Structures are given as structure tokens and as C-alpha cells.
Protein chains: 2
Amino acid sequence: MTKAASGRGGPSSPPTPPRVRLVDVAREAGLSKTTVSAALNGTGRLSPAVREKARETARRMGYRPNATARQLRAGRARLIGYVVGEFAGAPWAFLESPYFAQLTSATAAAALKRGYALVLLPAGELHGEWADLPLDAVIVADPVADDRIVEDLLAARIPVFTDRSVEGRPGAHWVDVDAAAAVRETLDHLKAQGARRSALVLPDSTTRFHVGVLAAYREWSAAQELPEQVVLAAAAGNGPVVRAVEDALTGADRPDALLVVAEVSPPLVLEAARRHGYDVPDDLLLVCVSEDTTAVHTQPPVTTLSLGPREVAEAGIELLVAALEEGHAGPAGVLVPTRLQVRASSLRTS
Amino acid sequence: MTKAASGRGGPSSPPTPPRVRLVDVAREAGLSKTTVSAALNGTGRLSPAVREKARETARRMGYRPNATARQLRAGRARLIGYVVGEFAGAPWAFLESPYFAQLTSATAAAALKRGYALVLLPAGELHGEWADLPLDAVIVADPVADDRIVEDLLAARIPVFTDRSVEGRPGAHWVDVDAAAAVRETLDHLKAQGARRSALVLPDSTTRFHVGVLAAYREWSAAQELPEQVVLAAAAGNGPVVRAVEDALTGADRPDALLVVAEVSPPLVLEAARRHGYDVPDDLLLVCVSEDTTAVHTQPPVTTLSLGPREVAEAGIELLVAALEEGHAGPAGVLVPTRLQVRASSLRTS
DNA sequence: TTGAAAGCGCTAACAG
DNA sequence: CTGTTAGCGCTTTCAA
């Protein structure tokens with residue numbers, strides 16, 4: 001009694017009064033824990049009078065259930081970890097890319113809609129942060145080849161959700177875009193507009209997507225018997241990518257079309273082209289893989305290949321939640337289509 | 001025995017084997033829960049031999065402590081909620097703004113460094129998501145005047161961390177930038193470069209920052225006896241802000257300097273100025289409040305006023321963690337300085 | 001219709 | 001130096 005009355009605080013009574021617990025409400029209302037719990041959760045068969053009394057008392061006392069205790073009972077925390085693998089060097093830079101910004105926010109929204117919250121985690125070195133977190137699963141967006149995170153997670157028996165590279169592994173689910181189809185569609189479009197020397201700019205990355213893009217480009221060029229010209233950007237970010245674009249533009253073979261598969265500000269690419277004496281679209285057809293909304297507002301507007309981060313997120317979370325709640329009844333993965341948004345920058349004016 | 005042996009799964013044994021618990025390790029190692037717990041946590045005084053045996057057994061069995069049970073014991077979940085209030089209409093758009101992208105990632109990084117994980121929450125309608133989450137505190141970035149979220153959180157006795165508008169409220173902590181000082185510094189700079197008609201473009205928002213900027217601009221203009229010209233953007237986003245910039249540029253009074261206090265792509269502003277016959281910086285000095293890295297890569301590079309999201313995050317998390325762990329010993333709030341990055345767009349060429 | 005009691009998995013008093 | 005025991009706050013059989 002005295003112990004309870006003296007509070008559960010440590011030394012020197014803390015400024016925060018002890019939280020109201022279920023048992024406090026029960027005592028106050030002259031009911032048992034069970035009854036109050038049932039009343040609040042709408043379960044069990046209680047008389048309306050009792051139910052109302054319990055609810056009223058809880059409200060009056062400002063009772064809020066302890067989420068941790070509920071989780072322990074339920075066996076799940078409804079928490080999903082979220083890591084972007086691509087930026088292992090700068091573990092937090094990813095949010096500055098419109099693609100990942102949209103992917104992240106759409107993922108969080110889709111998860112929350114189904115009652116799961118997203119926890120932001122860093123890529124790269126600090127593996128093991130997740131050890132102290134009650135994560136029901138972890139999403140690894142665009143893992144790079146040398147990142148052990150997927151292995152570690154799988155070894156720890158935490159369900160992993162990532163790209164198609166994990167296909168077939170137990171406990172692993174995936175969602176991916178069809179990089180090859182997207183590249184083919186784009187190059188076909190450029191060819192139809194008259195391009196004969198389409199150059200490709202992409203970052204020097206081991207992401208499944210970038211590897212797939214490069215392979216598809218080479219394949220397409222070979223099949224069409226058209227020359228291939230690839231310039232690798234040393235790193236992500238506007239600076240290095242713009243430099244790579246300039247390299248492509250000033251190379252021995254003056255390209256007549258440019259496909260930029262790296263997050264870069266479209267207006268900056270346009271400006272770079274102008275600086276080097278190209279008129280877009282007359283001298284150069286331009287397509288950027290980008291979710292950047294500035295593409296619509298440039299002069300001319302820039303054609304973009306959208307990877308549909310919102311669709312990826314929605315499809316992915318749906319699959320993940322199904323797997324989590326029904327013991328992977330459905331398929332382990334799903335492919336989401338890309339969208340080529342044709343605008344003036346890749347339309348022949350003739 | 002039989003009960004334990006038959007597993008704790010529901011109907012039709014699930015594909016996932018039951019997780020290894022502390023008690024399983026203890027039994028296997030022929031020790032007690034306590035001993036294994038102490039061995040794993042490095043607490044207590046155990047013989048090296050026993051400690052090693054416990055650790056080895058745990059490793060061999062793939063034991064991972066149940067984070068939820070630990071949280072329940074500890075009384076804290078080391079989880080911090082994160083909401084951006086400004087985009088109540090589009091609860092997830094904020095990540096697409098470089099400022100919030102950096103603020104968010106820096107906050108997550110700073111929190112994680114101190115052992116706290118960040119949970120992404122949506123602004124606007126869906127209040128109450130946090131009810132089922134064991135949040136130790138919630139960060140509300142840039143709340144808008146009509147958003148009840150801060151009130152709700154405080155009423156639920158969840159520590160809130162936000163901007164200075166909550167100063168003095170118990171349980172509320174804040175970090176803020178000195179909007180007035182920043183505006184004065186910028187306008188002084190423009191005046192020193194010869195500007196006499198500095199126009200201001202900012203979104204029609206009730207954020208403390210935007211309200212403060214407008215007030216400071218008016219005050220400065222009055223004090224300097226210079227004309228004031230303010231154009232409000234109807235909404236956030238590149239489209240509406242560029243339109244507002246164009247309005248400012250084509251207004252009755254042709255401005256000789258422009259201060260854009262809204263997230264907008266700097267190259268787009270530059271292009272808009274050119275479209276309307278301005279040469280930057282000869283006819284128009286330009287300063288954008290922006291964290292967008294494209295500002296460095298334009299022709300000319302654009303002067304930016306950086307709100308220092310990384311510093312805001314770092315200072316904020318430090319304060320918050322101190323408050324959480326020491327019963328708010330330190331101050332309730334802190335002011336972080338802004339940084340004017342002067343580049344060619346606001347430098348008189350004469 | 002309501003209540004007592006068990007137990008989720010862990011840590012920390014307190015005995016031995 | 002090690003083990004037994006009592007909870008953290010909740011939900012849920014099961015018995016009254």
C-alpha cells in the first residue's frame with residue numbers, strides 16, 4: 001500500500017506523475033481489469049450501463065493504453081524498418097532524391113493505412129541498430145551488391161522486403177520495376193523520333209536497377225545495330241551527374257539523344273545541353289529517369305521515365321502485409337510497370 | 001511439457017518456427033534466465049567461464065532478445081514520432097522539399113546516434129495514429145496555426161518537440177531559427193548591393209517561420225523607408241511558386257531584387273526571370289531560401305539563405321534526449337542561426 | 001454478465 | 001557467484 005502510494009518513481013519524485021493504468025481505471029470505476037478492457041476494446045458481452053461507466057471513467061482519468069504492453073501480448077509491434085541501401089556511403093542522402101522521397105513517403109502512408117508504422121534506418125555501416133527495435137519486417141530499398149544487410153536480416157529471421165535480387169529466398173519478398181522493358185520502351189521512342197546515336201548516362205552503382213538498365217541498353221543497341229555510348233557518373237548528386245552529361249555531350253560521337261538514368265535536376269541538364277551548343281529537342285532528344293516535378297516547368301518540358309514510386313510502395317506494402325498476416329499465402333514478389341511521360345524535350349519538331 | 005513441446009502457434013502449425021527465448025537458452029546451457037541475461041548484458045558478476053558458456057549457447061541457438069519485452073521492462077520504447085505540420089493538405093508531400101528531406105534525415109540520424117528511432121507520421125487528418133504506438137515523444141516540424149496536433153499530444157501527456165510557438169508550455173520543447181534576423185541580414189545584403197525595391201515571395205502559410213518572415217520584411221521596409229512588395233504563392237510546390245515569382249516580376253513596380261522564401265527549384269526561378277526580360281544579377285538580384293543543391297550549379301549560381309536543417313535537427317535532438325532522460329534539466333528551447341550563402345546571383349557586377 | 005488468474009519475454013531485487 | 005521470484009501493463013481463457 002505505502003509502496004504503491006509513494007509512487008513508482010526513482011529517487012527524488014519525478015516531475016511527471018505516474019501514468020494512469022488499466023487497473024487504476026478499474027479500481028476507480030469499481031470494476032475489474034477484464035471488464036474495463038472489454039468495455040474499451042468493444043469485445044465481450046457487457047451490459048451497456050457497465051460499458052458506458054468504464055468508458056466514462058477512462059475518459060475522465062485520461063487513460064491511454066500502454067502500447068508496449070499490448071505489443072507484448074499481441075506478439076507483434078506493427079513496426080516496419082525502412083532502409084535505403086543505395087546510399088551506403090552517405091546513409092541519409094537518399095531522401096534528397098525525389099524518387100526516394102516519394103517512395104519513402106508513399107511507403108509510410110501505405111503502411112500506416114494498414115496499421116503499420118515505418119521506422120527510418122540508416123544504410124551502410126551502422127548495421128545492428130534494428131537489433132533493439134521490435135521490427136515485424138524490414139524494407140530494404142535498392143540494396144547494393146556489397147551490402148550485407150539483407151543477409152544479416154534474413155539470418156536474424158526478420159522478414160525482408162526488397163527488390164527482385166532475393167527472389168526464391170525464404171522469408172524474402174520483393175517488388176521491382178521492369179528495368180529492361182522500360183529501357184526498351186524509351187529507346188524505341190527515341191528511335192521513332194529519329195535518334196540514331198542515343199547515349200546513356202548512369203551512375204556507377206551496383207543497384208539491381210542500374211545493372212539491369214545497362215544490360216538492357218547494350219542488348220537493345222546490339223539488336224538494333226546502333227552504336228552504344230555509355231558514360232558513368234562517378235557518384236550520385238547533381239554535380240557528378242551533370243559532369244557526366246557534359247562528358248557525354250562533348251564526346252567523340254556527338255549523340256543525338258540522351259537518356260539520363262540518374263537522379264538529376266532536369267533544368268540543370270537542359271542548361272548543360274545549351275551550354276554545349278545543343279538545342280533541345282532539335283539537336284538533342286532528352287529523356288530523364290526522374291520523379292522531379294521541375295521537369296514539367298522547364299522550357300521545353302522534359303520527357304521523364306517515371307519509376308512509379310507510389311505504385312511500387314503501394315504494391316509492396318500490400319504484399320508485405322499479406323505475407324505478415326497470412327503466412328505468405330500469396331506470391332513472393334510483384335513487378336510494377338514504369339511510365340514514360342513524353343514531353344517536348346523528346347519530340348521531333350520537324 | 002506437451003503444451004510447450006507442441007509449440008505456441010495457432011491452428012495449423014505456422015511456417016515460422018517459434019522464436020528462441022531467453023528461457024530456452026538458459027535451459028540448453030543448464031543455467032538460469034538471470035545468469036544468461038546478465039551474461040548477455042554484461043551486468044552482474046559472473047565467472048568468465050559461465051559468461052562465455054551463456055554467450056556461446058545464445059549465439060549457437062540464434063537467440064535475439066525480444067525488444068518489446070525489454071521495452072515493457074524499461075518503461076520506454078526509445079521511439080520518437082515525427083510529423084511535419086506544414087503540409088496538412090498533402091500529408092506526405094513534405095519529403096519532396098529539400099529542407100524537410102534534410103531535416104528529416106538529419107533528425108533520424110541524430111536520434112539514432114543516441115539510441116532513439118524515428119517513426120514517420122502523417123500530418124493533417126489522421127490524428128490518432130500515434131495512439132497505438134509506444135512513442136516517448138513526438139516531433140512536430142513546422143506546425144500550422146489551425147492544426148490541433150500539438151494540443152492533442154500535450155493533452156495525452158506525450159512530450160512534444162516543435163517550434164518556438166509552444167514556448168512556456170509544460171512538456172513542450174522547441175528549436176527554432178531566427179527568422180527576423182535572417183530576413184534583416186538578407187535585405188541588408190541586397191541593399192548593400194544596390195537594391196532599392198526588394199520584393200518578397202512567400203507561400204500563404206500560417207507557419208511560424210513564414211509569419212515571422214513577413215513581419216520582419218514589413219518592419220525592415222518601414223524602418224528603411226523603402227517600398228514593400230509582397231506576393232503570396234497560392235500553395236507550395238514549384239508550379240504555384242514560379243507563378244508567384246512571375247507575378248512579382250511583372251507587377252506595376254519592377255523590382256530590382258527578389259527574395260523567394262518558399263521551396264522552389266532555383267534554376268526554375270532563374271529561367272522565369274530570363275523569360276520576363278531580367279538579367280540576373282544585372283537587372284535583378286536574387287536570393288532564395290533553399291537547401292536545394294542545384295543552386296550551386298546554375299549560371300549564375302544562386303545566393304541562398306540556408307535554414308540549416310542539419311543544425312536544427314542536431315540541436316533539437318540533443319535537447320529532446322536531455323529532456324527525456326534527465327527530466328528537463330536544461331533549457332526548454334534553443335535558437336539556431338541561419339546562413340546566408342552569397343553567390344553571383346546577388347552580387348552587383350559593376 | 002462479470003471477475004480471477006495466467007502469462008507474453010524480459011530484467012532486477014533479493015535470497016541462497 | 002548463481003538461482004528463485006516478482007513484476008512491467010495488457011488481453012484472454014476459464015470459472016463463478
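Proteins get letters first, then strands, A, B, ... in listed order; numbering begins at 1 in each. Just so we're clear, the structure is a prediction, and the values are computed from it rather than from any experiment.
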Taking atom [atom2] of [N] as reference, at what distance in whole Å does atom [atom1] of [X] sit?
X        : N      : atom1 : atom2 : result
B/Arg27  : D/dG3  : CZ    : C1'   : 15 Å
B/Arg21  : C/dC8  : CZ    : C1'   : 10 Å
B/Leu40  : C/dG9  : CG    : C1'   : 14 Å
B/Leu133 : D/dC10 : CG    : P     : 16 Å
A/Leu72  : C/dG9  : CG    : C1'   : 6 Å
B/Asp24  : C/dC10 : CG    : C1'   : 13 Å
A/Lys53  : C/dT2  : NZ    : C1'   : 14 Å
B/Asn66  : D/dC8  : CG    : P     : 18 Å

### Task
Sort and list the pairs that fulfil salt bridge (charged side-chain N to carboxylate O under 4.0 Å, His left out) and have at least one residue in residues 27-49 of chain A, not counting sequence neighbours.
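Listed once each, the pairs are A/Asp24-A/Arg27, A/Glu28-A/Arg60.
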
### Query
Taking atom types as modelled and ignoring hydrogens, do the side chains of B/Thr107 and B/Thr104 form a donor-acceptor contact shorter than 3.5 angstrom?
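Judged by distance alone, the side chains do not pair up.
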
### Query
Which nucleotides of nucleotides 11-16 of chain C have their base under 4.0 Å from a protein heavy atom (B), which only their sugar-phosphate (S), and which neither (-), written as one string 5' to 3'?
BBB---

### Query
Between B/Asp142 and B/Arg208, is there a side-chain N and carboxylate O pair less than 4.0 Å apart?
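Judged by the 4.0 Å cut-off on N to carboxylate O distance, B/Asp142 and B/Arg208 do not form a salt bridge.
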
### Query
Are A/Asp132 and B/Arg70 within salt-bridge range, i.e. N to O under 4.0 Å?
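Result for this pair is yes, salt bridge flagged.
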
#### Entry: Comparing B/Ser47 and B/Ala69 on DNA chain D - which has the more 5′ nearest nucleotide
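Upstream on the strand: B/Ser47.
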
### Query
Considering heavy-atom distances to DNA chain D, does A/Ala38 or B/Leu31 have its closest nucleotide positioned more toward the 5' end?
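Looking at the nearest nucleotide for each, B/Leu31 comes out on the 5' side.
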
### Message
Once side-chain contact (heavy atoms from CB on, under 4.5 Å) is applied, do any residues pair with A/Leu40, and if so which ones, sequence neighbours excluded?
### Response
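A/Leu40 satisfies side-chain contact (heavy atoms from CB on, under 4.5 Å) with A/Leu22, A/Val36, A/Arg55, A/Ala58, A/Tyr63 only.
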
### Query
Under a 4.5 Å cut-off applied to non-hydrogen side-chain atoms, are B/Val119 and A/Leu120 in contact?
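Of all side-chain heavy-atom pairs linking A/Leu120 with B/Val119, none is under 4.5 Å.
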
